[in-house]
2 protein chains.
Amino acid sequence: MGRTPRRRSQKERSAETSSRLMAATIDLLHDRGITRATTPDIARAAGVSRGALTHHFPTRETIITASIANMLHLVNEDMRRFGREFAESGGSSDEIVDYLWKVMSDRLFYVTMEYLPEARHNDEFKAQLVPVVREFHAGLDAIWTELAARTGADPEHTRNVMNATMCCIRGMIAQTVLRQDQDYYDGLLRFWKDQVRQQFPGKAGEAKGKSRKRAAL
Amino acid sequence: MGRTPRRRSQKERSAETSSRLMAATIDLLHDRGITRATTPDIARAAGVSRGALTHHFPTRETIITASIANMLHLVNEDMRRFGREFAESGGSSDEIVDYLWKVMSDRLFYVTMEYLPEARHNDEFKAQLVPVVREFHAGLDAIWTELAARTGADPEHTRNVMNATMCCIRGMIAQTVLRQDQDYYDGLLRFWKDQVRQQFPGKAGEAKGKSRKRAAL
DNA sequence: ACTTACAAACAATCAAGCCTGTTTTTGCAA
DNA sequence: TTGCAAAAACAGGCTTGATTGTTTGTAAGT
């Protein structure tokens with residue numbers, strides 16, 4: 001009621017509308033797809049005028065690449081947080097796989113699938129994203145390197161396991177589009193965790209809850 | 001010169017132009033992406049008028065789904081051929097993985113990545129494709145089931161290996177969009193084949209050329 | 001005063017679907 | 001076999017609608 005938000009600085013106003021626009025862009029990318037995410041739609045979803053959008057992002061491509069980069073930065077932050085906690089708590093390989101599945105299937109890779117085709121055919125678009133994607137992979141690498149160091153596993157072998165894991169997760173999520181079958185994905189992820197676990201001896205390799213148990217449910 | 005192709009039957013004419021249009025559609029989907037594959041472009045690439053296109057395919061969505069279904073049918077045929085040859089020759093798991101990588105990375109999954117976003121947001125579009133995709137997976141299943149029967153491996157375990165393999169390949173190809181690094185993919189595929197080989201004892205599991213050798217090249 | 005943030009109307013482009021002709025093939029009857 | 005009408009294959013123009021980038025105008029902050 002008595003709310004009178006007088007005098008926000010321009011920097012604040014700008015940052016907030018930009019954030020809202022980028023969030024709305026990701027929402028639309030995920031919910032309606034990149035081809036249906038028009039600039040009027042984005043502005044409407046963000047609750048601002050299209051004029052405001054064009055002020056902050058001169059072209060459609062600009063707001064899309066900025067939104068994706070922003071999303072990846074946020075994911076990177078969360079991943080580094082997980083990396084620290086994982087290193088401190090000395091978690092198992094299962095936890096890594098579960099975490100990555102959660103991160104990737106919670107919009108990240110669905111949004112990625114929306115823009116990958118554009119990246120494949122638009123070099124400038126792609127060039128905007130390659131650096132942040134690299135940053136993402138650096139964060140990944142840190143987590144698995146920690147696991148390798150702790151378990152004494154071969155670093156190169158660990159990297160292969162990491163990359164195969166990421167590829168499996170990508171492929172699974174891609175498959176969800178045309179095949180909806182939760183049991184299938186649960187089972188496959190469980191299988192994969194079993195495989196990964198065998199690569200890391202000792203504590204990091206032994207699962208606490210034993211993922212097989214879930215099969216009995 | 002003296003070529004006078006008089007009186008092709010209507011069925012022939014229709015079949016040929018349809019084929020050319022569908023082939024051109026897949027070409028454009030792969031080369032320029034689904035958003036850039038406009039009906040004028042498709043007609044031009046096929047060497048027919050736009051009127052001919054609309055005659056055979058009333059809407060853009062129609063020609064795209066038909067083209068994809070057609071592509072999948074062709075792939076299915078080749079896969080069944082491979083399956084027969086594989087069963088007769090008693091090949092190794094390496095051969096399966098190599099074959100699947102070849103099939104998927106030779107346009108199939110790149111084209112798939114083009115239309116997956118549309119399938120995710122357009123139920124009718126998706127409904128047109130689910131049956132042929134199922135057919136594709138049935139062909140896959142036949143190959144691996146044969147391998148399992150021959151090696152005496154557990155069928156369910158084999159199915160997990162198959163699905164993980166397909167997911168891994170999908171994920172790798174998706175990654176190629178933003179990361180071009182042939183050595184990386186060669187190495188990862190080699191790693192994967194090593195892993196799969198260990199799941200199948202005996203002849204089917206032992207590679208002839210030993211994929212490690214390629215690492216020395 | 002001057003710059004930045006925002007609003008909204010405007011113009012140009014372009015693709016999809018439709019519709020109207022034209023040519024080729026086919027089925028049928030004289 | 002030939003003549004002819006109907007149907008299918010093909011060609012191309014037209015209309016509508018939507019979207020993008022631009023531009024002009026206004027309010028808020030520096």
Side-chain angles (χ1 to χ4, degrees), chain A residues 3-25 28-29 32-67 114-115 117-118 121-122 124-125, chain B residues 3-25 28-29 31-67 114-115 117-118 121-122 124-125 128:
Chain A
R3 184 152 44 94
T4 24
R6 286 267 164 73
R7 276 196 96 74
R8 287 183 306 158
S9 79
Q10 293 197 157
K11 194 170 278 183
E12 281 173 325
R13 285 171 60 178
S14 185
E16 193 192 317
T17 36
S18 283
S19 284
R20 289 173 62 180
L21 282 165
M22 289 190 289
T25 301
L28 284 176
L29 246 47
R32 297 192 212 164
I34 193 168
T35 59
R36 289 171 238 269
T38 68
T39 47
D41 283 341
I42 293 171
R44 203 174 308 125
V48 303
S49 72
R50 211 178 90 84
L53 187 153
T54 63
H55 173 70
H56 290 280
F57 304 96
T59 72
R60 184 181 117 100
E61 196 170 310
T62 307
I63 191 175
I64 289 182
T65 51
S67 302
E114 294 292 333
Y115 72 73
E118 182 64 20
H121 302 289
N122 183 337
E124 292 182 33
F125 184 92
Chain B
R3 183 151 44 92
T4 26
R6 287 268 163 71
R7 275 197 96 71
R8 285 183 307 160
S9 78
Q10 292 197 157
K11 195 170 279 184
E12 282 173 325
R13 287 172 59 179
S14 185
E16 194 192 316
T17 38
S18 283
S19 284
R20 288 172 63 182
L21 281 166
M22 290 190 289
T25 301
L28 284 176
L29 246 47
D31 296 343
R32 297 192 212 165
I34 193 168
T35 58
R36 288 170 238 267
T38 68
T39 47
D41 282 342
I42 293 171
R44 203 173 308 125
V48 304
S49 71
R50 212 178 89 83
L53 187 154
T54 64
H55 174 69
H56 291 280
F57 305 95
T59 72
R60 183 180 118 99
E61 194 169 313
T62 307
I63 192 176
I64 289 181
T65 52
S67 302
E114 294 291 334
Y115 72 74
E118 182 64 20
H121 302 288
N122 183 337
E124 292 181 32
F125 184 91
Q128 300 288 318

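Just so we're on the same page: letters track the sequence lines, and every chain starts at 1.
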Return each pair, listed once, that meets salt bridge (Lys or Arg N to Asp or Glu O under 4.0 Å) where at least one residue sits in residues 42-51 of chain B; pairs must be two or more places apart or across chains. B:D41-B:R44
Please check if the side chain of B:T54 supplies one atom and the backbone of B:G51 the other of a donor-acceptor pair under 3.5 Å. yes
For the pair made of CD in B:E16 and C1' in C:dT24, what is the distance, rounded to whole Å? 15 Å
Are B:H121 and A:E114 side-chain neighbours, meaning at least one heavy-atom pair lies under 4.5 Å? yes
Using a 4.0 Å cut-off on heavy atoms, which residues in residues 40-63 of chain B reach DNA chain C? List them by number, or say none. B:P40, B:R50, B:T59, B:R60
Per-helix bend value, the helix from C:dA1-D:dT30 to C:dA30-D:dT1, C1' rotation axes over five pairs per end, 10° rounding, shows 10°
N/O (side chain, B:R13) to phosphate O (OP1/OP2, D:dC10) under 4.0 Å: yes
Main-chain N/O of A:Q10 paired to A:S14 side chain as donor or acceptor, under 3.5 Å: no
Looking only at side-chain atoms of A:Q10, point me to the closest of D:dA28, D:dA9, C:dC6. D:dA28
Look up atom CD1 in A:I42 and atom CG in A:L28, then write down how far apart they are to the nearest 0.5 Å. 6.0 Å
Counting C-beta onward and ignoring hydrogens, is there a side-chain heavy-atom pair between B:Y115 and A:P117 closer than 4.5 Å? no
Between atom NZ in A:K11 and atom C1' in C:dT3, what is the gap in whole Å? 14 Å
For atom CZ of A:R8 and atom P of D:dT30, their distance in whole Å: 11 Å
Is any side-chain heavy atom of B:Q128 closer than 4.5 Å to a side-chain heavy atom of B:E61? no
For A:R32, does the CZ atom have more than 12 heavy-atom neighbours from other residues, nucleotides or ligands under 6.0 Å away? no
In whole angstrom, what separates B:R32's CZ from C:dA15's P? 11 Å
A:T39 side chain N/O closer than 4.0 Å to the phosphate oxygens (OP1, OP2) of D:dT20? yes
